[in-house]
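Notes to accompany the following structure.
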Amino acid sequence: MKTRISDRGSVWGTAALLAVLGACSPKAASVVNTPAPTPVAAATPAAPAASSFQIPVEYYTLPNGLKVVLSPDHTAPTATVAAYYNVGFRNEPRDRTGYAHLFEHLMFQGSQNLGKMEFIQLVQKNGGTLNGSTRFDFTNYFEIVPAHKLETMLWAEADRMRGLAINQASLTNQQGVVKNEVRVNVLNQPYGGFPWLDMPQYANKNWNNAHNFYGDLKDLDAATLPDAQAFFKTYYAPNNAALAITGDFEPAEAKAWIEKYFANIPAATQPPKPDITEPRQEKEQRFTKDDKLATKPALAFAYHMPDRNTPEYYALILLDQIMLQGKDSRLYQAMVQKRGLTDNVSGGINYLGNAFNYSGPMLWMGDLVYDNTVKSDSVVSVLDQEISRLAKDGIDQNTLDLAVVKLRSNLYDQLSGFGRADMLASFALFDNNPARINELEAEFRKVTPAVMQRAVQEYLRPTNRTLLIVNPLAKS
């Protein structure tokens with residue numbers, strides 16, 4: 001199944017993951033993307049009014065530890081089932097790089113009552129769509145189906161949580177599939193791993209955050225059937241998972257089905273969580289990567305993010321809106337409109353998801369491809385100028401209000417779709433509080449120009465930055 005980066009026009013990119021099958025490459029995947037927000041005029045915006053919109057959230061935990069979130073929405077006759085497991089790239093076994101992603105594939109190879117690929121057929125023949133993905137901190141599976149098929153989907157998800165059909169033939173087959181994805185989507189593509197796969201390995205120091213999470217070919221070959229069986233028993237237990245249901249359903253009925261199908265799945269002893277902390281970066285890092293297939297140079301920059309849920313964290317999300325999101329963003333204006341260094345600047349927080357569905361160290365990144373006549377130092381100089389302008393002049397209240405307007409536009413657009421299930425499951429898994437979904441706007445409103453200035457000075461300092469330059473070796 002597919003692993004891809006977000007739609008970089010929005011912090012809500014993962015909400016668009018609706019294709020059923022596809023390559024695990026961030027650049028090859030076929031998805032339904034939310035369009036980037038329309039540039040807002042430069043006129044001073046009015047401060048956004050406080051919203052009274054509330055997402056319904058009912059949250060409880062089964063005796064076996066499964067976290068359950070229910071959020072009915074009767075605007076369309078569909079229902080979404082999202083199962084999130086608290087295992088991702090960061091805590092996959094050492095010497096088994098890419099194993100969390102490999103296991104995502106195995107989850108579609110059959111369970112106690114469904115044969116190989118029958119899960120997919122069950123969803124599709126009932127008029128639904130589905131997918132699975134592996135992220136830094138979770139692996140998720142979801143189905144969007146006609147509302148009257150909700151019970152069927154709950155039964156199917158419980159069936160593979162209860163007992164996956166793992167055998168040597170399916171393991172060997174999926175090892176080959178994943179290795180082929182690595183070859184096609186990374187090794188044999190210009191800018192194949194740039195920067196979504198490359199940058200974390202350069203910018204981070206802790207192995208859990210810095211290894212090749214897509215998988216080294218030798219490590220993928222080394223995975224054994226006992227590895228797979230132990231991995232499933234440990235990490236795919238109900239006490240390591242969250243289940244979110246959104247859409248057109250009645251909570252009482254859904255709770256009865258969840259009790260019927262999930263309550264008797266046994267819990268498993270969980271290993272200690274790995275230490276995923278990153279040391280404070282004290283010196284700028286610069287790296288160059290040769291790319292035999294690229295015809296133009298490229299540059300990516302990354303800054304370590306503040307801890308989640310801190311005032312500075314919310315400030316950086318708003319700074320991302322100001323600096324990178326949309327054609328009115330400062331870096332787009334400076335690099336594309338004013339100087340013509342490139343035709344686009346992409347970026348955001350958490351290239352493999354969005355600004356909310358992760359639970360560890362994260363990077364704010366940007367990247368661009370530019371002509372051979374442009375020097376990388378020229379690109380870095382413009383970046384430095386824009387960051388210096390932020391540090392010197394600060395962010396006034398009008399600019400801050402405009403960033404909130406842009407952010408709210410994306411927020412309320414996405415919360416009517418899969419994005420709601422994604423956020424509810426993530427907040428249940430990481431914060432034990434899916435009701436946070438209704439607190440986000442208030443948190444952004446707390447951000448003041450002073451908090452923004454503090455965030456810029458601490459997190460956008462040059463010594464917190466990593467630069468990665470692609471050296472093209474192919475002839476244009």
Side-chain angles (χ1 to χ4, degrees), residues 1-7 12-22 24 26 29 31-32 66-71 79-92 98-109 111 119-120 123 128-145 153-154 156-161 164 178 196 213-214 231-232 234-247 258 262 350-360 362 414-415 417-432 434 437:
M1 304 303 284
K2 155 170 65 61
T3 300
R4 77 177 290 279
I5 58 176
S6 64
D7 167 16
W12 309 90
T14 337
L17 294 177
L18 299 179
V20 174
L21 290 170
C24 291
V31 299
V32 180
L66 179 65
K67 298 175 177 179
V68 180
V69 192
L70 306 178
S71 183
T80 298
V81 175
Y84 279 51
Y85 294 89
N86 202 350
V87 57
F89 300 128
R90 294 194 214 266
N91 51 351
E92 63 187 5
Y99 198 80
H101 172 220
L102 170 63
F103 207 89
E104 172 210 321
H105 284 246
L106 290 174
M107 282 288 280
F108 292 91
Q109 299 306 300
S111 55
F119 189 104
I120 294 173
V123 176
T129 186
L130 76 160
N131 212 336
S133 65
T134 311
R135 307 297 181 190
F136 285 106
D137 300 292
F138 64 80
T139 305
N140 71 335
Y141 307 88
F142 70 87
E143 303 82 47
I144 303 173
V145 296
M153 293 304 104
L154 291 172
E157 278 293 358
D159 193 59
R160 60 178 173 181
M161 182 186 288
L164 194 63
V178 174
W196 60 279
F213 50 76
Y214 208 23
F231 192 87
F232 176 78
T234 301
Y235 294 110
Y236 278 72
N239 55 318
N240 197 46
L243 179 71
I245 304 172
T246 65
I258 292 166
F262 288 91
N350 186 13
Y351 271 33
L352 290 172
N354 59 52
F356 305 101
N357 62 0
Y358 69 89
S359 181
M362 187 49 64
Q414 294 290 353
L415 289 184
F418 169 68
R420 180 184 299 195
D422 172 69
M423 197 171 302
L424 290 170
S426 298
F427 289 166
L429 207 61
F430 304 139
D431 304 297
N432 197 33
I437 199 169

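All heavy atoms count here, side chains included; hydrogens, waters and symmetry mates do not.
Among Tyr214, Phe136, Tyr351, the one residue that satisfies the ring pair (Phe, Tyr, Trp, His ring centres under 6.0 Å) test with Trp196 is Tyr214.
Residues Ala242 and Ala425 approach most closely at CB-O, 3.9 Å, considering heavy atoms. The heavy-atom pair separating Asn91 from Tyr235 by the smallest distance is O-OH, 4.0 Å. Residues Thr134 and Gly88 come closest through the heavy atom pair CG2-CA, 4.5 Å. Nearest heavy atoms, Ala428 versus Val69: CB-CG2, 3.8 Å. Shown here for Phe418 and Ala82, the closest heavy-atom pair between the two residues is CE1-CB, 4.4 Å.
Once rounded to the nearest 0.5 Å, the distance linking CD of Glu92 with CG of Leu102 reads 9.5 Å. How far CZ of Phe262 is from CG of Leu154: 5.5 Å, rounded to the nearest 0.5 Å. Put simply, OG on Ser133 and CG on Leu352 are 9.0 Å apart, with the number rounded to the nearest 0.5 Å. The OG atom of Ser111 lies 7.0 Å from the CG atom of Leu164; values are rounded to the nearest 0.5 Å.
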Checklist entry - Could you walk me through whether Ile245 and Thr80 pass the side-chain contact (heavy atoms from CB on, under 4.5 Å) check? => result CA-CA 6 Å; Ile245 304 172; Thr80 298; over 6 Å; no
Checklist entry - Given the rule in the ring-ring contact (aromatic ring centres under 6.0 Å, His included) test, do Tyr236 and Phe103 qualify, once you have shown the distances and angles that lead to the verdict? => result CA-CA 10 Å; Tyr236 278 72; Phe103 207 89; 5.0 Å; yes
Next on the checklist: side-chain contact (heavy atoms from CB on, under 4.5 Å), that's the test. Do Val123 and Thr129 meet it? Break it down for me.
Outcome noted: CA-CA 6 Å; Val123 176; Thr129 186; 5.6 Å; no
Item to check | side-chain contact (heavy atoms from CB on, under 4.5 Å) evaluation trace for Asn86 with Phe430 | outcome: CA-CA 8 Å; Asn86 202 350; Phe430 304 139; 4.0 Å; yes
Next on the checklist: Could you go through Tyr84 and Ser426, starting from their C-alpha distance and side-chain angles, then the distance that decides it, and tell me whether this counts as side-chain contact (heavy atoms from CB on, under 4.5 Å)?
Outcome noted: CA-CA 8 Å; Tyr84 279 51; Ser426 298; 3.9 Å; yes
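We find that Glu143 and Arg160 are joined by a salt bridge, their nearest charged nitrogen and carboxylate oxygen being less than 4.0 Å apart.
Side-chain atoms of Phe89 and Asp137, non-hydrogen and from C-beta on, never get closer than 4.5 Å to each other. Side-chain contact between Asn357 and Phe427: absent, with no pair of heavy atoms (C-beta onward) separated by less than 4.5 Å. For the pair Glu104 and Asn140, the minimum side-chain heavy-atom distance is 4.5 Å or more. Side-chain atoms of Lys67 and Leu243, non-hydrogen and from C-beta on, never get closer than 4.5 Å to each other. With a 4.5 Å cut-off on side-chain heavy atoms, Phe213 and Arg90 do not count as touching. Residues Leu130 and Phe108 are in side-chain contact: their nearest non-hydrogen atoms beyond the backbone lie under 4.5 Å apart. Taking 4.5 Å as the limit, every side-chain heavy atom of Leu429 sits out of range of all side-chain heavy atoms of Asn240. Between Met423 and Leu415, some side-chain heavy-atom pair lies under the 4.5 Å cut-off.
You'll find the ring centres of Phe138 and Tyr85 outside the 6.0 Å limit.
The closest donor-acceptor contact from the side chain of Thr139 to the backbone of Val87 lies under 3.5 Å.
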